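This report concerns only the one structure given below.
Here the structure is a predicted model, which is why all the values come from computation and not from measurement.
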Amino acid sequence: MVRSFTRPQPARVVRFAASGLLLLQTAIATTFVSEFALTTPGTALTQSAAAQSRGNVQDAEAAVVHIRTNGRNGSSTGSGVIIDPSGLIVTNAHVVAGAREVIVTVQGREVRAEVVAMGAADCLDLALLQLPNQRNLPTLRLADASSITKTQDIWALGFPVGSTPTSPSIVEGTVNNIHVPQGVVVFNAPVNPGNSGGPVIDSQSRIIGITKSGARNAQNVNYAVSVEQVRLFVESYRQGLRFPIGQYVIPAAASSNQPISQSISLTRSNVQGNLQPADSRFCADGNPPTDIYTFEAEAGQAVMLRMSTRQAGSHLVLVGPDGRAIAFDRSNGANRDALVVQKLTQSGQYTVLAIAAGETQSGQYDLQISQPILVEQGMLDASTAPCFDDGSLCRAYNFQGRAGQTVALIVNSAFNPYLIVRDPNGDRVVEGRAERQGSLRFELPADGWYRLVVGGMEPGDRGEFFVSIIDTQDLPGANRVSQR
């Protein structure tokens with residue numbers, strides 16, 4: 001039961017400093033290929049080598065699989081390739097996007113597959129499928145990216161619409177061009193709808209790319225995700241990363257010996273980083289350099305992230321265990337902080353993306369992670385009980401503090417809130433009307449549990465509100481919070 005409070009008349013007004021609190025939406029922009037760089041031409045195959053190549057290509061058929069998906073909008077088909085004997089398959093993200101069921105035809109049998117890693121068509125168009133209870137399946141190897149040259153012979157394998165699910169088509173062509181920054185191989189083998197997700201291989205049956213699309217208004221100009229992007233995507237999965245890779249960020253690492261992300265602790269810590277153009281790329285705002293961090297958390301915990309840099313600005317994105325971006329903030333200008341405060345609603349692995357302000361920006365930064373004392377998002381509505389003598393509604397929250405601790409109370413509300421903070425003895429530490437967006441610093445008088453009451457000024461006040469209480473040691477000069 002909520003205790004009824006009598007408001008003193010006249011009420012002491014607490015003055016809150018303007019906070020510049022922002023509600024920002026995460027925008028993921030489409031990555032596209034604008035032009036293609038020239039590379040060193042390869043050498044033509046001799047007749048004997050060509051015959052050997054055709055034999056290798058035919059042997060590669062067994063590792064290429066037909067994919068059928070069933071979803072809300074009906075069924076569709078695509079292709080994939082087995083890269084591990086246990087049944088790990090690479091395909092395109094757009095082949096399995098929105099699928100409720102994924103059926104793979106492998107060695108003449110239909111097997112239900114699980115999507116275990118998922119990119120996005122407008123970021124990194126790759127996905128990984130896992131077949132259950134498989135062993136000793138035929139596979140194809142990944143080629144070395146440095147071995148791909150312009151004009152080299154290639155073969156594209158897959159299942160065009162209408163083809164038999166047990167026998168992939170094989171079409172021959174050459175590499176037209178390679179666009180290294182975007183991770184795209186351009187080739188001229190004639191492919192059709194249904195080939196998406198199938199491998200493009202070299203004369204040794206090694207994968208040089210995964211077919212993803214064809215150019216509009218151009219005959220036999222087709223695009224494949226380069227093998228280096230495939231290798232990094234697979235390595236990200238094997239290192240335990242899931243949703244951010246390919247959906248928000250394109251990873252960068254030289255080998256499996258280098259971690260793609262860094263693990264950090266939810267308790268107070270500070271990480272010094274250095275963004276460079278060769279780092280992972282965020283799939284928005286011109287693909288700026290990005291560092292990737294992960295931490296484990298339980299539902300109900302809260303986190304505050306602060307990224308400080310002397311450069312032109314920085315961005316922070318927090319991605320939840322389900323792959324959704326749950327908070328985002330950016331600083332506009334040098335010596336400004338990107339700041340995120342969030343109550344976590346799921347248990348599992350969270351991902352933090354520390355992003356440069358622009359594609360050409362680089363330099364050092366500090367990333368601080370800490371736990372706020374209290375973070376709550378609430379609502380005054382018809383289900384809220386009145387708790388003031390005039391019938392005004394309120395919500396109450398408890399938090400723990402210590403004597404002499406200086407804290408900041410930050411509020412963002414759809415209405416002008418009336419706030420009360422009571423100490424462990426029930427005495428009022430803070431009370432008064434607050435602005436809709438603002439902050440207040442005050443010192444706690446004793447150790448123990450405190451109570452925060454958030455109410456309306458008038459009986460008819462309704463709407464959402466966000467409140468947080470943060471140790472001032474964890475705050476920058478300006479109390480800015482990004483809350484989505």
When you compare the side chain of [Y] with that of [X], does any pair of heavy atoms fall below 4.5 Å?
| X | Y | answer |
| --- | --- | --- |
| Phe466 | Val411 | no |
| Ile369 | Val303 | yes |
| Ile210 | Asn92 | yes |
| Arg238 | Leu88 | yes |
| Val249 | Thr351 | no |
| Leu124 | Pro251 | yes |
| Leu128 | Val90 | yes |
| Val352 | Met307 | no |

I'd like to know if the side chain of [X] and the backbone of [Y] have a donor-acceptor N/O pair within less than 3.5 Å.
| X | Y | answer |
| --- | --- | --- |
| Arg462 | Pro459 | yes |
| Gln377 | Gln342 | no |
| Thr406 | Thr472 | no |
| Gln272 | Gln364 | no |
| Asp471 | Gln473 | yes |
| Ser226 | Val185 | no |
| Ser314 | Ser331 | no |
| Gln239 | Tyr237 | no |
| Asp423 | Val429 | no |
| Asn412 | Gln437 | no |

Can you see whether [X] engages [Y] through a side-chain donor-acceptor pair at a distance of less than 3.5 angstrom?
| X | Y | answer |
| --- | --- | --- |
| Tyr365 | Asp291 | yes |
| Thr290 | Ser280 | no |
| Asn70 | Ser75 | yes |
| Gln368 | Asn270 | no |
| Gln276 | Asn274 | yes |

>> What verdict does the side-chain contact (heavy atoms from CB on, under 4.5 Å) test give for Val230 and Ile83, after you've listed the backbone C-alpha separation in whole Å, the side-chain angles of each residue and the deciding distance to 0.1 Å?
In response: CA-CA 11 Å; Val230 176; Ile83 61 168; 5.7 Å; no
Is the closest basic N to carboxylate O distance between [X] and [Y] below 4.0 Å?
| X | Y | result |
| --- | --- | --- |
| Glu228 | Arg231 | yes |
| Asp381 | Arg395 | yes |
| Glu110 | Arg68 | yes |

If I compare all heavy atoms of [X] with all of [Y], which pair ends up nearest, and what's the gap?
| X | Y | value |
| --- | --- | --- |
| Ala403 | Pro445 | CB-O, 3.8 Å |
| Leu305 | Leu316 | O-CD1, 3.8 Å |
| Met457 | Asp390 | O-OD2, 4.0 Å |
| Ile292 | Ile245 | CD1-CD1, 3.9 Å |
| Ser76 | Val95 | OG-O, 4.3 Å |
| Leu339 | Arg306 | CD1-CB, 3.8 Å |

>> How long is the straight-line distance from CG of Leu452 back to CG of Leu374, given to the nearest 0.5 Å?
In response: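 CG of Leu452 is found 6.5 Å from CG of Leu374.
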> Taking atom CD of Glu235 and atom CG of Leu142, what is their separation to the nearest 0.5 Å?
Replying inline: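 Answer rounded to 0.5 Å: 11.0 Å.
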> After noting the C-alpha distance and the side-chain angles of Ile250 and Cys123, does the key distance pass the side-chain contact (heavy atoms from CB on, under 4.5 Å) rule?
Replying inline: CA-CA 7 Å; Ile250 298 174; Cys123 182; 4.0 Å; yes
> Would one find more than 12 heavy atoms of other residues, nucleotides or ligands at under 6.0 Å from atom CG of Asn425?
Replying inline: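 Atom CG in Asn425 is packed in, count exceeds 12.
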>> Can you list everything that forms a ring pair (Phe, Tyr, Trp, His ring centres under 6.0 Å) with Phe295? Sequence neighbours excluded, please.
In response: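 Ring pair (Phe, Tyr, Trp, His ring centres under 6.0 Å) list for Phe295, sorted by chain: Tyr350.
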>> So, using ring pair (Phe, Tyr, Trp, His ring centres under 6.0 Å) as the criterion, who are the partners of Tyr450 when residues are at least two apart?
In response: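 For Tyr450, the residues satisfying ring pair (Phe, Tyr, Trp, His ring centres under 6.0 Å) (neighbours in sequence not counted) are Phe399.
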>> Between Glu298 and Leu344, does the side-chain contact (heavy atoms from CB on, under 4.5 Å) criterion hold? Intermediate values first, please.
In response: CA-CA 7 Å; Glu298 298 295 328; Leu344 308 177; over 6 Å; no
> In this structure, which one of Arg433, Glu431, Glu458 forms a side chain to side chain donor-acceptor pair (under 3.5 Å) with Tyr418?
Replying inline: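 Answer to the side chain to side chain donor-acceptor pair (under 3.5 Å) test with Tyr418 among Arg433, Glu431, Glu458: Glu431.
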>> For a side-chain contact (heavy atoms from CB on, under 4.5 Å) check, start with the C-alpha distance between Leu241 and Gln349, then their side-chain angles and the critical distance, and finish with the verdict.
In response: CA-CA 9 Å; Leu241 291 175; Gln349 183 188 81; 4.2 Å; yes
